[in-house]
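Before any comments, here is the structure.
All ligand and atom numbering here is 1-based and tracks the order in the structure.
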Amino acid sequence: MHDALWLNANLATMAGAVPYGAIRGGALAVTDGLISWVGPRSAWQDKARREYDARGAWMTPGLVDCHTHLVYAGDRAAEFELRLKGASYEEIARAGGGIVSTVAQTRAASEDELVRTAQVRLRQWLAEGVAVVEVKSGYGLDRETELKMLRAARRLQGLTVKTTFLGAHALPAEFKDRADDYIDFVCHEVMPLAQADAVDAFCEGIGFSPLQVEKLFIQAKKHQLPVKLHADQLSDLGGAALAAKYRALSADHLEYTSEAGVRAMAAAGTVAVLLPGAFYFLREKQRPPVEALRRHGVPIALATDNNPGSAPLTSLLLTMNLGCTLFRLTPEEALAGVTRNGARALGMQATHGTLEVGKRADLALWQIDSPAVLAYAMGANPNVGAVIGGKMRGEPRGGTPPVAP
Ligand code: NIG
Ligand code: FE
């Protein structure tokens with residue numbers, strides 16, 4: 001006996017050989033918060049305590065946003081205006097603006113305030129069927145505020161939160177011209193106290209050098225924390241290959257990544273996380289090497305990169321559209337990028353990202369005629385319900401909701 005059953009759903013399982021792993025006229029059962037049966041309705045012969053009629057809605061895995069900076073204080077609208085007048089993101093950062101201006105506001109905010117503002121922002125993720133969100137620290141750059149950000153992230157409600165320690169995001173003013181000392185401080189005085197699922201860094205001219213990142217990664221390995229990297233966003237410092245050398249879960253951005261970097265990622269099983277929102281908002285020209293990523297079989301994930309400076313983007317669905325229009329991903333690649341490969345970028349592929357027996361029952365229901373519509377419809381939200389750990393999240397809204405008979 002299964003706990004619950006959804007009938008009359010079209011399933012985009014994102015597993016198997018057919019496009020989207022699609023099963024039209026499917027059935028999906030859930031038991032103890034896990035998927036316990038998936039297949040065509042005609043093959044279902046078991047019993048379930050509760051039945052839901054999905055009325056022809058499409059069901060996908062709950063979406064995964066594998067790269068965000070969702071916890072922060074203040075905004076950077078003034079910086080946006082400066083950029084529109086011609087200043088570049090890098091110029092603003094070098095002049096003492098950029099990331100460190102958000103740091104000042106985040107240090108001043110209380111933990112409760114950070115939770116409150118992030119939870120308000122998070123409403124849109126919840127409304128768009130997102131089941132897992134990764135949240136980075138990195139606007140503290142001192143021990144107290146980095147830990148405060150991670151605590152705030154873990155307090156967010158309504159979905160699964162994965163936290164990433166991003167102490168090496170920018171150099172705080174008190175360490176001016178002492179980047180090596182700052183890395184030592186992060187490694188020895190903050191990382192040991194950071195409760196996080198992974199460690200990340202910003203490898204860039206305005207961030208940290210490959211050597212500094214390597215020091216941090218060696219320390220992360222000592223704490224048995226997997227690593228991720230903001231790599232090759234504005235220039236090619238060999239970030240992708242560096243991430244691969246440390247078997248990173250993911251290397252993110254990748255606009256300037258070389259073929260050699262792509263090859264190294266493929267060999268290491270490192271996921272490419274593309275962030276078209278930042279590319280768009282910074283009006284970048286150089287596109288990530290999508291063709292090479294495909295050729296070498298590197299899994300491609302897509303994420304919002306939500307942050308106040310380079311991507312004040314709050315929609316993972318719109319991110320799918322941007323991935324297709326700006327980076328020429330197919331709608332199927334875009335959906336894989338926010339499900340199967342997004343989960344892989346967080347090391348959650350055993351439990352999340354596809355509709356397969358044994359995986360967690362995080363599901364999203366959509367009133368659409370085909371799964372390509374998720375990437376096609378700019379700014380629309382066809383979500384009509386979400387199931388988190390086998391339970392319906394809130395009341396389904398809009399359209400013709402799936403209802404219990
Ligand atoms: O992923 N590149 C570094 N970090 C963020 C931007 C952070 C900010 O500008 O506040 C990013 O783009
Ligand atoms: Fe980022």
Side-chain angles (χ1 to χ4, degrees), residues 65-80 82-83 87-107 114 118 121 133-141 145-146 149 153 162-172 198-209 212-213 227-237 239-240 243 248-257 271-284 286 288 301-314 316 319 322 342 345-346:
D65 190 352
C66 67
H67 180 143
T68 86
H69 308 250
L70 201 86
V71 168
Y72 61 83
D75 65 51
R76 304 239 289 277
E79 178 182 317
F80 176 50
L82 283 178
R83 284 198 298 103
S88 76
Y89 183 70
E90 281 161 297
E91 282 161 6
I92 291 166
R94 289 188 198 284
I99 292 171
V100 297
S101 59
T102 298
V103 168
Q105 300 191 68
T106 305
R107 285 179 178 178
L114 292 178
R121 233 175 267 132
V133 68
E134 182 256 20
V135 181
K136 300 176 195 295
S137 68
Y139 292 121
L141 313 184
T145 315
E146 285 294 309
M149 287 186 73
K162 285 289 211 175
T163 53
T164 300
F165 173 55
L166 178 56
H169 194 196
L171 192 62
V199 169
D200 191 353
F202 184 25
C203 185
E204 193 62 65
I206 55 168
F208 295 91
S209 72
Q212 289 160 345
V213 170
V227 299
K228 307 170 79 70
L229 189 64
H230 283 72
D232 310 331
Q233 179 188 11
L234 307 166
S235 61
D236 182 10
L237 293 185
L249 287 174
S250 70
D252 304 36
H253 287 290
L254 303 178
E255 277 82 346
Y256 286 84
T257 296
V271 175
V273 177
L274 304 186
L275 305 167
F279 174 91
Y280 166 81
F281 196 64
L282 298 183
R283 301 165 68 230
E284 294 290 336
Q286 167 111 3
L302 273 179
T304 60
D305 194 17
N306 173 271
N307 75 74
S310 72
L313 169 59
T314 54
L316 192 55
T319 302
L322 294 175
L346 297 175

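Of the candidates Leu166, Asp65, Val71, Val135 forms a side chain to side chain contact (heavy atoms under 4.5 Å, CB included) with just one, namely Val71. Residue Arg76 is tested with Pro312, Ser310, Pro308 for a side chain to side chain contact (heavy atoms under 4.5 Å, CB included); the sole match is Pro308.
Without hydrogens or angle criteria, Asp232 side chain to Ala240 main chain gives a donor-acceptor distance under 3.5 Å. Between the side chain of Arg121 and the main chain of Leu70, a donor-acceptor pair closer than 3.5 Å is present. A donor-acceptor pair under 3.5 Å is formed between the side chain of Asn306 and the backbone N or O of Leu313. A donor-acceptor contact shorter than 3.5 Å links the side chain of Glu146 to the backbone of Gly138. No donor-acceptor pair under 3.5 Å is formed between the side chain of Lys162 and the backbone N or O of Ala198. Side-chain N or O atoms of Thr304 include none that pairs as donor or acceptor with a backbone N or O of Leu316 at under 3.5 Å.
The shortest heavy-atom distance from Ile99 to ligand 1 is under 4.0 Å. Ligand 1 has His253 within reach: a non-hydrogen atom of the residue lies less than 4.0 Å from it.
Under the 30°/60° scheme for interplanar angles, the aromatic rings of Phe202 and His230 are found to stand perpendicular.
Atoms of ligand 1 lying under 4.0 Å from at least one heavy atom of Tyr139, given by number and element, are 7 (C), 8 (C), 10 (O). Ligand 1 places these atoms under 4.0 Å from at least one heavy atom of Phe202: 2 (N), 3 (C). Atom numbering of ligand 1 starts at 1 in the shown order; those under 4.0 Å from a heavy atom of His67 are 1 (O). The Arg76 neighbourhood of ligand 1 comprises atoms 8 (C), 9 (O), 10 (O), with distances under 4.0 Å to a heavy atom of that residue.
Under 4.0 Å from ligand 1, not a single heavy atom of Tyr72 appears. Only the side chain of His169 comes within 4.0 Å of ligand 1, counting heavy atoms alone; its backbone N, CA, C and O stay farther away.
Summarising the geometry of Val273 relative to Ser250, their closest heavy-atom pair is CG2-CB, 3.6 Å, with the distance given to 0.1 Å. In plain terms, the two heavy atoms of Glu255 and Leu275 that are nearest each other are OE2-O, 4.5 Å.
In terms of protein heavy-atom proximity, atom 2 (N) of ligand 1 is closest to Gln233 OE1, 3.0 Å. Looking only at protein heavy atoms, the nearest one to atom 11 (C) of ligand 1 is Asp305 OD2, 3.2 Å. The protein heavy-atom contact nearest to atom 12 (O) of ligand 1 is Ser310 OG, 2.5 Å. In this structure, the protein non-hydrogen atom closest to atom 6 (C) of ligand 1 is Tyr89 OH, 3.1 Å.
Around the Fe ion (ligand 2), the protein N, O or S atoms closer than 2.8 Å are His67 NE2, His69 NE2, His230 NE2, Asp305 OD1, listed by chain and residue number.
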Return all side-chain donor-acceptor pairs below 3.5 angstrom for residues 89-101, not counting sequence neighbours, or 'none' if the list is empty.
| from | atom 1 | to | atom 2 | distance (Å) |
| --- | --- | --- | --- | --- |
| Glu91 | OE1 | Ser88 | N | 3.0 |
| Ser101 | OG | Gly98 | O | 2.6 |

